[in-house]
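Take a look at the structure below.
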Amino acid sequence: MTLEVRDAGVELRHDAARVVANLFTPGDSTPGSTSRTLRVVERVLAIPVEALATAAARILEDFGERHIGLRETLVANASKVHPAAHDSDPDLAVVLGAAFTAEHAIEGAALCNPSVVPHPDQTGLAPGELRMVVSLRSIGEGHVSAISFCTAVIGADRTWTFGDRLLPLARAVISEGEWQAEHLQRALEHHGELTEVARVVLQGLGTRFKSSDIEKVISRLPVDFLTHYDSRAKVEAVRLIGRSAYDATFPGGSDLSQRVLLPAADEERHGVEDARFVRFIGDAGEIEYRASYTAYDGRTITSRLLITTDFETFRVHRLTGAPSRTKGMAFFPRRIGGWLYALTRSDGESTLLARSRDGLDWDDEVPVHAPTRLWEVVQTGNSGVPIETDRGWLVLTHGVGPMRRYGLGAILLDLDDPSRVIAELDRPLLEPRGVEQNGYVPNVVYSCGGLVHDGVLWVPHGVGDDHIRVVSVVLEDLFDAMTPVS
């Protein structure tokens with residue numbers, strides 16, 4: 001049968017005006033160069049007082065409306081390079097901080113790979129409407145990615161409307177995350193860092209603790225631990241892993257569309273990308289929003305965990321086990337038979353199913369769907385979290401075929417045994433055609449998650465890793481077009 005995939009006639013494009021103010025140290029980013037921090041500080045300190053006042057006023061006038069709390073950001077950056085800056089003349093602190101600050105356009109290059117969940121707030125809507133939270137991959141200078149957000153509303157008349165995206169952007173305040181001793185031990189083992197030094201540190205900790213507690217234990221280590229061969233590197237490994245768990249809290253009153261999650265841990269320093277959000281229902285019926293996302297440190301990738309109840313405060317943590325060593329995990333929205341499940345792709349080319357007791361340590365992978373057709377001959381994987389329907393778990397997939405063309409497909413998994421495929425679409429649901437072949441990365445349509453509302457499947461997706469469009473398909477028509485798998 002012919003399957004009607006309807007384009008919603010809307011798109012979301014990257015906006016170079018969406019900027020954040022980052023610490024900038026001249027020379028550090030230039031290959032073969034050395035830091036010029038001291039020389040820059042000396043030049044700023046030599047500026048006459050009268051000129052500093054004029055320069056500070058000009059900086060705040062030119063850039064103040066582009067950032068929340070710019071003065072405080074500049075003073076903080078000044079203090080990082082010149083500790084006495086906060087005690088000096090306020091104008092000097094502003095100018096010095098500005099010399100070590102650079103704007104970064106979080107989506108100056110592209111905007112793509114959305115996922116979508118129902119918004120926690122459904123007030124003020126007309127009958128039949130649904131408000132959603134849409135997560136976005138924002139790609140900026142140096143191909144560094146961030147996770148940003150916007151809202152959208154599905155209308156009763158099968159329309160999709162993106163909400164306004166407000167400025168300026170709001171940065172999260174980063175604070176210590178909490179560890180459980182067993183989880184830290186698994187994380188150290190996962191990265192090959194469960195050394196004798198690490199074991200001694202673990203013995204000095206309680207069952208629950210924060211990274212500052214790890215530092216306290218390290219400060220009490222015997223001297224011979226710190227002078228033994230390679231011990232300092234082993235201690236530093238424990239520190240880095242300990243600091244990788246954090247909380248990110250956005251200012252109260254900030255709009256969802258102003259919030260951006262930027263790299264904050266060492267393993268994220270070159271980007272956080274492709275969040276796959278799910279509305280998760282706990283054992284007691286509690287609701288929270290979870291997402292896996294890809295962290296990139298410039299050399300390796302790993303899957304990490306986001307948890308929030310309100311999209312204002314996020315708990316961010318490591319995942320362990322083989323499935324977390326690559327990208328593209330997608331969590332199921334509830335336990336099945338006492339287990340938490342996730343779709344993974346640790347072999348690099350197939351869809352696998354992993355399970356976990358605590359949602360942190362993942363293992364026991366089994367194959368679910370392998371690339372067999374030409375449109376997915378290079379590789380396949382999920383394109384978002386499983387959607388529960390009365391027919392089974394509906395999973396959007398992606399496939400890579402000739403000319404590295406990405407298309408979207410669909411499979412249906414058994415509700416009680418999600419390792420079993422009961423139906424599949426034998427052709428792409430969506431492929432890049434015509435002008436949609438062009439983009440930052442040509443020949444790509446890709447999604448990190450769709451949503452079913454009133455019998456219609458909605459699929460926001462990236463086009464050419466450049467911008468976002470939305471399509472919809474009647475759910476029953478999709479089921480009818482799928483081929484049963486015996």
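Throughout, residue positions are numbered sequentially from 1 according to the sequence presented. Hydrogens, waters and symmetry mates play no part in the numbers below; they use all other heavy atoms, side chains included.
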With sequence neighbours excluded, give me every salt bridge (Lys or Arg N to Asp or Glu O under 4.0 Å) pair touching residues 403-415.
R405-E431, D414-R420
If we count only N and O atoms by modelled type, under 3.5 Å, do the side chains of R171 and N22 hold a donor and an acceptor together?
yes
Salt bridge check, R355 against D364: does any charged N sit closer than 4.0 Å to a carboxylate O?
yes
Sequence neighbours excluded, the answer for salt bridge (Lys or Arg N to Asp or Glu O under 4.0 Å) partners of R158 is none
Between D358 and R186, does any side-chain N to carboxylate O distance fall below 4.0 Å?
yes
Under 6.0 Å between the ring centres of H143 and Y440?
yes
Among R208, R315, K210, which residue satisfies the side chain to side chain donor-acceptor pair (under 3.5 Å) criterion with E178?
R208
Side chain proximity check, L262 to V260, heavy atoms < 4.5 angstrom
yes
Where is the tightest heavy-atom contact between A109 and D466, given as atom of each residue plus distance?
O-OD1, 4.4 Å
Between E376 and H369, is any side-chain donor less than 3.5 angstrom from a side-chain acceptor?
yes
Determine whether the side chains of E176 and S211 contain a donor N or O and an acceptor N or O closer than 3.5 Å.
yes
Can a side-chain donor-acceptor contact be found between E349 and T380 if the only test is distance below 3.5 angstrom?
no
Using 30° and 60° as the class limits, which term best fits the ring planes of H270 and Y296: parallel, tilted or perpendicular?
perpendicular
Would you call D426 and R373 a salt bridge, taking side-chain N to carboxylate O under 4.0 Å as the test?
no
To the nearest 0.5 angstrom, please state how far the CZ atom of R276 sits from the NZ atom of K327.
9.0 Å
With rounding to the nearest 0.5 angstrom, report the CG to CD1 distance, L167 to I68.
9.5 Å
Does a donor on one side chain sit under 3.5 Å from an acceptor on the other, for T320 and D361?
yes
V238 side chain near I214 side chain, heavy-atom distance below 4.5 Å:
yes
Can you check whether A181's main-chain N or O pairs, donor with acceptor, with Q185's side chain at less than 3.5 Å?
no
Taking only residues two or more places apart in sequence, or in another chain, which ones meet D417 in a salt bridge (Lys or Arg N to Asp or Glu O under 4.0 Å)?
none
Taking C-beta and beyond as the side chain, do V395 and L413 meet within less than 4.5 Å on heavy atoms?
yes
Listed by chain and number, what are the ring-ring contact (aromatic ring centres under 6.0 Å, His included) partners of W160, not counting sequence neighbours?
F162, W458
Check the side chains of S138 and R18 for a donor-acceptor pair under 3.5 angstrom, ignoring hydrogens and angles.
no
Please enumerate all residues that pass salt bridge (Lys or Arg N to Asp or Glu O under 4.0 Å) together with R243, with sequence neighbours excluded.
E215, E236
Is it true that D283 and R335 make a salt bridge, defined as a side-chain N closer than 4.0 Å to a carboxylate O?
yes
For I106, the option from V19, I139, L169 that meets side chain to side chain contact (heavy atoms under 4.5 Å, CB included)
L169
Can a donor-acceptor pair be found between the side chains of T101 and N77 at a distance below 3.5 Å?
yes
Specify the closest pair of heavy atoms between P386 and W393, including all atoms of both residues, with the distance to one decimal.
CB-CE3, 4.0 Å
Could R427 and W375 be counted as a cation-pi pair, given that NZ or CZ must be under 6.0 Å from the ring centre and within 45° of the axis?
no
Heavy-atom check, side chain of L353 versus side chain of L343, under 4.5 Å:
yes
Would you call R137 and E273 a salt bridge, using N to O less than 4.0 angstrom?
yes
Ring centroid separation for F314 and F149, is it under 6.0 angstrom?
yes
Do L305 and L360 make a side-chain contact, defined as non-hydrogen atoms from C-beta onward lying under 4.5 Å apart?
yes
Mark yes when over 12 heavy atoms from residues, nucleotides or ligands other than D164 sit less than 6.0 Å from its CG; otherwise mark no.
no
Take atom CD in E65; do more than 12 heavy atoms of anything else shown fall under 6.0 Å from it?
no
Could you tell me whether R299 and E267 have a side-chain N and a carboxylate O separated by less than 4.0 Å?
no
With a 3.5 Å cut-off and no angle check, do the side chains of S244 and R318 form a donor-acceptor pair?
yes
Donor on one side chain, acceptor on other, T344 and E365, under 3.5 Å
yes
Say you draw a straight line from SG of C112 to CG of D465; how long is it, rounded to the nearest 0.5 Å?
4.5 Å
List for me each residue that meets salt bridge (Lys or Arg N to Asp or Glu O under 4.0 Å) alongside R391, sequence neighbours excluded, and say none if there are none.
E476
Classify the ring geometry of W179 against H317: parallel below 30°, tilted from 30° to 60°, perpendicular beyond 60°.
perpendicular
Would you mind reporting whether L306 and Y293 have side-chain heavy atoms less than 4.5 Å apart?
yes
Interatomic spacing from CG in L451 to CG in L130 - rounded to 0.5 Å
6.0 Å
Plane angle bin for F311 and F277 - parallel if under 30°, tilted between 30 and 60°, otherwise perpendicular:
tilted
Are the side chain of S303 and the backbone of S292 linked by a donor-acceptor contact shorter than 3.5 Å?
no
Check this for me: E141, atom CD, are more than 12 non-hydrogen atoms of other residues, nucleotides or ligands nearer than 6.0 Å?
no
Counting N and O atoms only, with roles assigned by atom type, does the side chain of E286 sit under 3.5 Å from a partner on the main chain of A284, one being a donor and the other an acceptor?
yes
Indicate whether the side chain of S324 and that of T302 have a donor and an acceptor atom separated by less than 3.5 Å.
no
Under the side chain to side chain contact (heavy atoms under 4.5 Å, CB included) rule, what do L125 and R131 come out as? Steps first, then yes or no, please.
CA-CA 8 Å; L125 297 176; R131 181 180 294 114; 3.3 Å; yes
Could you give the distance from CG (D255) to CG (L166), rounded to the nearest 0.5 Å?
4.5 Å
If you look at every heavy atom in L352 and S346, which pair is closest and at what distance?
CD1-OG, 3.5 Å
Measuring only between side-chain heavy atoms, which start at C-beta, is L136 closer than 4.5 Å to I468?
yes
Side-chain ion pair, R279 and E288, N-O less than 4.0 Å
no
In sequence, state the C-alpha distance, the side-chain angles, and the governing distance for R165 and D15, and then conclude on salt bridge (Lys or Arg N to Asp or Glu O under 4.0 Å).
CA-CA 10 Å; R165 296 201 296 154; D15 180 359; 5.2 Å; no
For a 4.5 angstrom cut-off between non-hydrogen side-chain atoms, does D416 reach I336?
no
Start with the C-alpha distance between W339 and F332, add both sets of side-chain angles, then the distance that settles ring-ring contact (aromatic ring centres under 6.0 Å, His included), and finish with yes or no.
CA-CA 10 Å; W339 288 92; F332 282 69; over 10 Å; no
Is NZ or CZ of R290 both nearer than 6.0 Å to the six-membered ring centre of F280 and within 45° of the ring axis?
yes
